Amino acid sequence: MTFLFVVLPHMTFSKALSRRSFGALLLASSAAACAPRVPDSAPVAPQVNWLPEYGPLRDAGYDLPAIPLQYTEGVNRRMEGIYTGEAPAGSIDVDPYAKFLYHVKFDGTATRYPVGVGRQGRTLSGLATIQLKKAWPGWTPTANMLRTEPEVYGSFRGGIPGGLRSPLGARALYIYRNGRDTYYRVHGTNDLDSIGNSGSAGCIRMFNQDIIHLFNNVSLPMTINIRSESESMRVDPEYYNRGRELPPKIVDPEDLLGAEAIANDKKPDLTQLAFN
């Protein structure tokens, strides 16, 4: 089964062009060739290096940068389509093997977002519940993160407050099971290369523009399903094991905890949130 694309005005097909659409493009190209030539002295509009849905965004007093095109190539972008998975309407369905998150709607459609996931064996699976969501949340490494990868997380055991320095980015959805916090999150990130790949400690990462979009459409509580390997192979074999596994990224503590980093990171203004 595959995700059937409904292409919005600013989107392009990920599949091959049909003969008819190719002919239309050829005709358009021929018509353009016959058009009067623009004088060389005409001003040239600046080239936009991002998709409309991933442009610069003002949020909570911060100016979030655009996501360059190199990170949103092919299917690694937000899309709307017919949902063909197995999760119920009004829920979130995550495929950690295909690196997609689906927000399943009641009309049979879904918004599909690209995600980054944990390295193999570190991702939660099965049904759970999103019981809490926060804008610009703070972050503290869990005891398990400190125990298994002290070289990555040890310097940050005291935590980082919400803001531009926080690894949870612009928004976070908190996943619970049987009323208890699993310590897994769906959250934003500035680590653009991680989207579409495996590499985090287990949480589900999204572009900040995408987590803001999802956050604004999530009603609490909401069921979340994280697909098993067999479910991923059954539902979306086309993209099974998409992406690559990245090594742990060790951040210089000075970049997040140094005096300059703290001075440059003002507190978020939660009265000025964007609705991307």
Side-chain angles (χ1 to χ4, degrees), residues 1-8 11-16 51 53-54 67 69-105 108-128 130 169 172-173 175 182 184-189 191-211 213-215 217-218 222-247:
M1 303 175 77
T2 58
F3 190 66
L4 305 178
F5 298 112
V6 176
V7 182
L8 298 180
M11 293 186 176
T12 58
F13 285 104
S14 65
K15 303 294 184 184
L51 297 173
E53 64 268 38
Y54 293 113
I67 308 298
L69 287 172
Q70 69 192 80
Y71 297 105
T72 57
E73 292 179 344
V75 297
N76 214 48
R77 56 189 289 192
R78 187 193 317 164
M79 292 185 178
E80 304 286 336
I82 305 301
Y83 177 68
T84 58
E86 301 172 351
S91 70
I92 287 175
D93 189 15
V94 179
D95 189 330
Y97 299 91
K99 283 71 172 189
F100 291 128
L101 179 151
Y102 300 84
H103 180 204
V104 187
K105 314 293 181 58
T109 67
T111 303
R112 189 181 75 183
Y113 305 87
V115 298
V117 298
R119 290 185 291 281
Q120 189 172 8
R122 297 193 177 195
T123 301
L124 185 72
S125 63
L127 291 173
I130 296 173
L173 309 177
I175 301 175
T182 65
Y184 285 89
R185 316 284 186 241
V186 179
H187 66 86
T189 184
D191 185 5
L192 304 184
D193 192 51
S194 69
I195 304 303
N197 296 304
S198 304
S200 73
C203 290
I204 301 158
R205 299 180 177 188
M206 303 176 72
F207 293 126
N208 276 321
Q209 281 83 343
D210 279 346
I211 189 62
H213 184 273
L214 176 63
F215 182 95
N217 289 285
V218 165
M222 180 172 281
T223 297
I224 181 170
N225 174 62
I226 302 176
R227 295 177 184 175
S228 65
E229 184 173 12
S230 60
E231 185 179 359
S232 176
M233 293 179 68
R234 181 175 66 251
V235 175
D236 196 5
E238 180 179 4
Y239 295 112
Y240 174 75
N241 267 354
R242 180 176 79 95
R244 64 190 191 278
E245 185 154 324
L246 304 174

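Numbers here are sequence positions counted from 1. Predicted model only: the values in this text are computed from it and were never measured.
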Using side chain to side chain contact (heavy atoms under 4.5 Å, CB included) as the criterion, list what pairs up with Ser91, not counting sequence neighbours. Ala87, Pro88, Val104, Thr223
A side-chain contact here means heavy atoms from C-beta on lying under 4.5 Å apart; do [X] and [Y] qualify?
X      : Y      : value
Asn225 : Val94  : no
Leu246 : Asp193 : yes
Asp95  : Val115 : no
Arg205 : His187 : yes
Asp236 : Arg227 : yes
Val186 : Ile175 : yes
Ile195 : Thr189 : yes
Arg185 : Ile204 : no

What's the shortest heavy-atom distance between [X] and [Y], and which atoms?
X      : Y      : result
His103 : Asn217 : CE1-O, 3.2 Å
Tyr184 : Leu124 : CE2-N, 3.7 Å
Pro114 : Asp210 : CD-OD2, 3.7 Å
Gly118 : Ser198 : O-CB, 3.6 Å

Presence of salt bridge, Arg234 and Glu86, under 4.0 angstrom: yes
Could you tell me the separation between the [atom1] atom of [X] and the [atom2] atom of [Y], rounded to the nearest 0.5 Å?
X      : Y      : atom1 : atom2 : answer
Ile67  : Leu192 : CD1   : CG    : 4.5 Å
Arg77  : Gln209 : CZ    : CD    : 14.0 Å
Asn197 : Asn76  : CG    : CG    : 7.5 Å
Arg244 : Lys99  : CZ    : NZ    : 10.5 Å

Met222/Leu173 under side chain to side chain contact (heavy atoms under 4.5 Å, CB included): CA gap, chis, key distance, verdict: CA-CA 10 Å; Met222 180 172 281; Leu173 309 177; over 6 Å; no
Would you tell me whether His213 and Tyr113 have side-chain atoms, one donor and one acceptor, within less than 3.5 Å of each other? yes
Check the orientation of Tyr240 and Tyr97. Use parallel for under 30°, tilted for 30 to 60°, and perpendicular for over 60°. parallel
Met206 and Arg78: CA distance, side-chain angles, deciding distance, side chain to side chain contact (heavy atoms under 4.5 Å, CB included) verdict: CA-CA 10 Å; Met206 303 176 72; Arg78 187 193 317 164; over 6 Å; no
Please confirm whether Arg242 makes a cation-pi placement over Phe100, using NZ or CZ under 6.0 Å from the six-membered ring centre and within 45° of the ring normal. yes
Examine Arg112 relative to Tyr83 and say whether NZ or CZ is less than 6.0 Å from the centre of the six-membered ring and inside a 45° cone about the ring axis. no
